[in-house]
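Below, all heavy atoms of this structure are taken into account, side chains as well, without hydrogens, waters or symmetry copies. Being a predicted model, the structure only gives us computed values, none of them experimental. Atoms within a ligand are numbered from 1 in the order they appear, just like the ligands themselves.
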Amino acid sequence: MELSSRIIQAPVATALADRDGSLTQRGVDYLEARAAGGASLVSVEGANIAMLGTGHRANLGLYRDELIPGFARAAEAVHRHGAKLAVQIQFNGRQGRQHVAFRQPVAPSSVPCMVGSPASYPRAMSVEELEHLIELHVRAARRAATAGADAIWVHGCHGYLISSFLSPLTNQRTDEFGGTLRRRAEFPLRVVRGIREAIGPDIALLYRMNGSDYRPGGVDIEMAAEFAAMLAEEPVDLIDVSGGTYEARHITFQGPWDPPGGFVSNALRIKEAVGDRVKVSVVQKLSDPEVAESVLAQGLDFVSIGRGLHADPDYVRKVREGRRADIVPCISCLACLDLFGTPGATALCATNPDTTDERRRRIAPAPRPQRLLVVGGGVAGMEAAVRAARAGHEVELHERGSRLGGQVVLAARTAPDFRKFVDYLTGQLA
Ligand SMILES: Cc1cc2nc3c(=O)[nH]c(=O)nc-3n(C[C@H](O)[C@H](O)[C@H](O)COP(=O)(O)O)c2cc1C
Ligand code: SF4
């Protein structure tokens with residue numbers, strides 16, 4: 001698979017699946033918008049390999065052949081714009097939700113996950129069950145390939161099933177799937193081999209892993225580097241480095257006060273371990289183009305951007321065109337993550353009201369342009385003025401204070417990334 005850019009889209013769950021796990025037209029629109037906006041690799045969020053692995057009511061699935069057509073529509077839509085489609089497959093494991101899947105979660109060992117409400121109390125699987133789960137990963141990947149995917153993402157991070165095998169904290173097995181790192185790696189490696197055999201040599205195999213679990217006693221960077229070297233012996237095309245588990249969610253999804261690039265040093269260590277055998281990318285707050293460029297300059301092959309492309313589907317095109325001030329910024333507020341977990345909601349974005357409803361909310365030219373007065377220069381008034389002007393109205397914005405941005409300026413004193421939204425809107429109003 002050849003990509004036209006060194007920026008790839010990290011999977012971001014949108015809650016745009018139906019209750020039966022199928023990808024909706026809105027889900028297809030979300031992906032197509034990113035392809036149209038210049039992303040060379042568009043990623044479908046984690047699709048479950050089995051109903052039992054579901055962690056959310058609107059979780060996407062690849063556990064039945066009937067779910068293939070939604071992915072086929074996505075592949076067709078993304079390919080229309082010359083982009084490639086990667087589909088992520090996942091199984092929640094100990095971080096599963098009994099009240100969603102209606103069955104007790106399963107995991108390598110019976111180690112509860114106390115984060116979230118209700119907590120999750122998994123049951124340890126038998127060897128036969130593990131082997132069946134490997135087969136379910138393979139079948140899901142085959143379905144994605146049948147749908148026309150160009151790449152398969154293996155969700156091997158964030159404490160879900162596959163990464164829970166690697167951690168000595170959550171894998172306490174004494175059989176061939178537990179014990180030494182090599183034995184804890186057996187399940188992930190067999191998943192990788194099975195998938196490669198099923199999808200053939202032409203579809204890329206991408207593996208997301210933790211550079212560290214950020215939990216005492218869990219996977220650390222030296223363990224991760226050793227595992228990455230094992231992966232490099234397998235037919236894997238790219239390793240994407242992330243980090244954290246549900247117990248360290250603030251690390252997986254960093255906030256507006258965290259500096260960018262928190263996983264870069266781990267990714268460089270992993271690159272050192274795998275050399276030229278596998279491409280390595282890294283994720284986490286890399287949507288500032290200068291930061292992304294500096295990460296690539298340090299020797300990594302790709303940068304992987306999740307929320308940056310959630311906030312602006314046209315991110316890559318704007319970077320290419322040198323229109324950096326026009327990029328709708330991600331301010332790391334995590335509203336998308338909160339909403340994703342809210343029943344009935346989709347993963348809306350605080351800085352882009354179109355996100356997850358791309359077709360319906362696209363700004364159309366006003367049939368009868370008007371003169372509009374917007375009263376109040378907080379971010380809501382600013383956004384309204386910008387959007388009305390884009391639709392062709394003649395807009396005046398009035399603010400009684402001496403500065404624009406309202407309370408977001410105040411909030412930015414403790415959450416510095418928030419300032420980016422005020423600066424962006426100010427630039428758009430100029
Ligand atoms: C709402 C939301 C949903 C996410 N869903 C997934 C997912 O399905 N699979 C996955 O591997 N990572 C998922 N992530 C994690 C992102 O891919 C990424 O690792 C994380 O947001 C940090 O990178 P960023 O700063 O570029 O967003 C999700 C993140 C968010 C905010
Ligand atoms: S701005 Fe907030 S809601 Fe939008 S993508 Fe970034 S973190 Fe998510």
Counterpart residues, salt bridge (charged side-chain N to carboxylate O under 4.0 Å, His left out), relative to Asp288 (two or more places apart)
none

Residue among Val28, Thr146, Leu62, Leu85 satisfying side chain to side chain contact (heavy atoms under 4.5 Å, CB included) with Phe71
Leu62

Between Arg173 and Met125, is there a donor-acceptor pair closer than 3.5 Å when you use the side chain of the first and the backbone of the second?
yes

Just jot down the ring pair (Phe, Tyr, Trp, His ring centres under 6.0 Å) partners of Tyr315, sequence neighbours excluded, or say none.
none

Hey, does the Lys NZ or Arg CZ of Arg26 hover above the aromatic six-ring of Tyr30, less than 6.0 Å from the centre and inside 45° of the axis?
no

When you measure from atom 22 (C) of ligand 1 to each heavy atom in Gln90, His158, Gln284, which option holds the nearest one?
Gln284

Partners meeting salt bridge (charged side-chain N to carboxylate O under 4.0 Å, His left out) with Asp220 (sequence neighbours left out)
none

Among Gly308, Gly306, Pro11, Ser332, which residue places a heavy atom closest to atom 14 (N) of ligand 1?
Pro11

Out of all atoms in ligand 2, which are within 4.0 Å of some heavy atom of Leu334? Include the element for each.
2 (Fe), 7 (S)

Identify which of Arg307, Lys285, Gln254 has a heavy atom lying nearest to atom 21 (O) of ligand 1.
Arg307

On the 0 to 90° scale, with breaks at 30° and 60°, tag the Tyr246-Tyr160 ring pair as parallel, tilted or perpendicular.
perpendicular

By number and element, which atoms of ligand 2 are closer than 4.0 Å to a non-hydrogen atom of Ser332?
6 (Fe), 7 (S)

Which residue and non-hydrogen atom of the protein lie closest to atom 23 (O) of ligand 1, and at what distance in Å?
Val283 CG2, 3.3 Å

Within-2.8 Å protein N/O/S contacts of atom 4 (Fe) of ligand 2
Cys349 SG

What is the closest protein heavy atom to atom 15 (C) of ligand 1, and at what distance does it sit?
Phe253 CE2, 3.7 Å

Hey, are Ser43 and Gln88 close enough side-chain-wise for a donor-acceptor pair under 3.5 Å?
no

Result for side chain to side chain contact (heavy atoms under 4.5 Å, CB included) between Met209 and one of Asp240, Asn266, Ile270 points to Ile270

